[in-house]
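Notes to accompany the following structure.
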Amino acid sequence: MPELPEVEVVRRGADTWFANRRIRSVQVLHSRATRRHLHGPHDFSARLINARIVGTERRGKYFWFRLDTGEALVTHLGMSGQLRVASPASPGTNHLRVRIGFDDDRDDLMFIDQRTFGGMFVDDFVEVPYPSAKRDPGRASRNAGFEVPAALSHIAADPFDPLFDQSATVRRIRAKQSPIKAVILDQSVVSGIGNIYADESLWRTQLDWQRSAATVSRSKVIELIDNAREVMSEALAAGGTSFDSLYVNVNGSSGYFSRSLAVYGREGQPCERCGGPISREHFANRSSFRCPRCQRRAPATV
DNA sequence: ATGATAGCCTGCCTGC
DNA sequence: TGCAGGCAGGCTATCA
């Protein structure tokens, strides 16, 4: 559910509240929440207890706590996951899946997830290489690589990542025949973009989501990536997009970017660029919103 | 290899 | 009022 800006809001909150603290206790209240931890909930807890959180990092919609054990506590919010701070004395809440306590007796970390598409797992780091275009011969140490949890090695850099290689990403996008929207939602091509920001970026670029990626010009793809970066930074500045209480930051408050959306969820309402009605179409068992006037569909070739 | 689809879950909203 | 059906911001596995 949450896309890059929402995950980044949560990561920042998590960093503020949990960095430099040592884990004392771990409760797994629903085993599905740790299903991606291959050795089970007991091993999950054992690897965390006594570990100190060094800091937090993010790639796309995943973020993780770097531990002083050399491992990562990886978190994905899925569609409905939340990270909340809670007093150690407070009772659990509905949909509480994992609760972590610290040796300073200050606030607990609660992972809450109604639909259990999200989860947490502990993982080793692997090094991902710097893209060749970003190599800096004068600073060999910087070129050594960047570490990500092993299970995330297939996740591409997101448009804010220092490792993001824009020209390589443009080439990869244009090599695909699929609808342009499916390609920018593919986290192994470019990460962080979900259904909302895909539609918003396509609207800003005046592209029909159905267009085969291979038919979009190189400059238009560059514009699309720039627009995705732009809309996501605006959303981040607004504290994220939220339609309901399912997405909140660690304090439980929600962002207000939903009022700035141009197409997403605005079926029938006027396009702010041309005044025509926004349409809603089915795409991969979900919805796609576009302005049929500004985002023209090429006539079907028969 | 790439691309499309089904499945995982729960809660809420709509329409009958 | 009750209930079935549709829908939700994502990812992964599996099939063609």
Side-chain angles (χ1 to χ4, degrees), chain A residues 1-10 29-38 58-63 74-83 93-97 111-121 123 149-156 158 171-202 209-214 228 231-232 235-236 238-249 254-261 263-267 280-289:
Chain A
M1 153 193 136
E3 307 181 32
L4 186 153
E6 294 75 37
V7 175
E8 177 62 11
V9 169
V10 172
L29 296 110
H30 193 311
S31 62
R32 221 182 111 72
T34 55
R35 68 196 179 284
R36 292 185 70 182
H37 188 89
L38 300 180
R58 184 188 53 73
R59 172 167 270 214
K61 303 173 199 171
Y62 287 89
F63 74 96
V74 183
T75 305
H76 194 285
L77 302 175
M79 301 271 264
S80 56
Q82 304 176 2
L83 219 63
T93 70
N94 207 15
H95 307 129
L96 175 62
R97 309 305 188 196
F111 178 72
I112 299 162
D113 190 9
Q114 176 194 108
R115 293 171 66 188
T116 65
F117 282 18
M120 300 180 116
F121 57 97
D123 200 7
L152 310 189
S153 52
H154 68 294
I155 302 291
D158 62 61
R171 282 195 298 276
R172 290 197 64 195
I173 291 173
R174 298 190 67 232
K176 305 244 179 206
Q177 315 293 314
S178 302
I180 183 71
K181 177 168 175 177
V183 176
I184 62 171
L185 287 175
D186 183 340
Q187 304 296 301
S188 68
V189 174
V190 51
S191 69
I193 303 171
N195 204 33
I196 295 177
Y197 300 116
D199 281 1
E200 294 297 311
S201 311
L202 289 161
W209 61 268
Q210 281 192 358
R211 272 274 292 280
S212 165
V231 69
M232 289 194 291
L236 178 57
T241 297
S242 179
F243 302 114
D244 52 41
S245 60
L246 278 187
Y247 160 69
V248 292
N249 69 16
S254 50
Y256 50 89
F257 191 70
S258 57
R259 70 181 68 163
S260 306
L261 297 173
V263 282
Y264 191 85
R266 297 192 65 239
E267 181 181 17
R280 170 184 180 160
E281 295 159 316
H282 285 283
F283 157 74
N285 287 322
R286 57 220 313 210
S287 296
S288 265
F289 298 88

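Lettering of chains follows the sequences in order, A, B, ..., and the numbering in each one begins at 1. Values below: all heavy atoms of this structure, side chains included; hydrogens, waters and symmetry mates excluded.
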Nearest listed nucleotide, side chain of [X], among [options]:
{"X": "A:His154", "options": "C:dG9, C:dT12, B:dC9", "answer": "C:dT12"}
{"X": "A:Gln177", "options": "B:dG3, C:dA8, C:dT12", "answer": "B:dG3"}
{"X": "A:Lys61", "options": "C:dG10, C:dC7, B:dA4", "answer": "C:dG10"}
{"X": "A:His76", "options": "C:dC11, C:dT12, C:dA8", "answer": "C:dC11"}
{"X": "A:Arg32", "options": "C:dA8, C:dC7, B:dC8", "answer": "B:dC8"}
{"X": "A:Tyr264", "options": "C:dA8, C:dG10, B:dC9", "answer": "C:dA8"}
{"X": "A:Arg36", "options": "C:dC7, C:dC11, B:dA4", "answer": "C:dC11"}
{"X": "A:His282", "options": "B:dG3, C:dA8, C:dC7", "answer": "C:dC7"}

Requested in this report: Tell whether A:Arg286 reaches the base of C:dA8 with its side chain through a donor-acceptor pair below 3.5 angstrom.
Outcome: no
Requested in this report: Output yes when a side-chain donor or acceptor of A:Lys61 lies under 3.5 Å from a complementary backbone atom of A:Gln187, and no otherwise.
Outcome: no
Query raised in the report: Within the distance-only criterion (no hydrogens, no angle test), does the side chain of A:Ser191 pair as donor or acceptor with the backbone N or O of A:Ala156 below 3.5 angstrom?
Result: yes
**Report entry** Under 4.0 angstrom between A:Ser287 side-chain N/O and C:dA8 OP1 or OP2
**Finding:** yes
Query raised in the report: Is any side-chain nitrogen or oxygen of A:Tyr197 closer than 4.0 Å to OP1 or OP2 of C:dG10?
Result: no
Query raised in the report: Between A:Lys181 and A:Ser288, does any side-chain donor sit less than 3.5 Å from a side-chain acceptor?
Result: yes
Requested in this report: Assess the side chains of A:Thr241 and A:Tyr264: does a donor N or O sit below 3.5 Å from an acceptor N or O?
Outcome: no
Using a heavy-atom cut-off of under 4.0 Å over every strand shown, decide if [X] touches base, sugar-phosphate, or nothing.
{"X": "A:Phe283", "answer": "nothing"}
{"X": "A:Arg280", "answer": "sugar-phosphate"}
{"X": "A:His30", "answer": "nothing"}

Rounded to whole Å, please give me the gap between [atom1] in [X] and [atom2] in [N].
{"X": "A:Glu6", "N": "C:dG10", "atom1": "CD", "atom2": "P", "result": "9 Å"}
{"X": "A:His95", "N": "B:dC12", "atom1": "NE2", "atom2": "C1'", "result": "12 Å"}
{"X": "A:Gln114", "N": "B:dC8", "atom1": "CD", "atom2": "P", "result": "17 Å"}
{"X": "A:Phe117", "N": "C:dA13", "atom1": "CZ", "atom2": "C1'", "result": "14 Å"}
{"X": "A:Asp113", "N": "B:dG11", "atom1": "CG", "atom2": "C1'", "result": "13 Å"}
{"X": "A:Met79", "N": "B:dG7", "atom1": "CE", "atom2": "C1'", "result": "12 Å"}
{"X": "A:Ile155", "N": "C:dC11", "atom1": "CD1", "atom2": "P", "result": "7 Å"}
{"X": "A:Gln82", "N": "B:dG11", "atom1": "CD", "atom2": "P", "result": "13 Å"}

Requested in this report: Tell me which of A:Asn285 and A:Arg97 sits closer to the 5' end of DNA chain B, going by the nucleotide each one is nearest to.
Outcome: A:Asn285
Query raised in the report: Closest nucleotide of DNA chain B for A:Ser178 versus for A:Thr116: which of these residues is on the 5' side?
Result: A:Ser178
Report summary line: For B:dT2, the nucleotide meeting Watson-Crick or G-U wobble distances (both under 3.5 Å) is C:dA16
Query - For C:dG9, the Watson-Crick or wobble counterpart (both distances under 3.5 Å) - result: none
Electrostatic pair [X]:[Y] at N-O distance under 4.0 angstrom:
{"X": "A:Arg36", "Y": "A:Asp123", "value": "no"}
{"X": "A:Arg58", "Y": "A:Glu8", "value": "yes"}
{"X": "A:Arg32", "Y": "A:Asp113", "value": "no"}

Query raised in the report: If the P atom of B:dC9 is compared with that of C:dT14, how far apart are they to the nearest Å?
Result: 15 Å
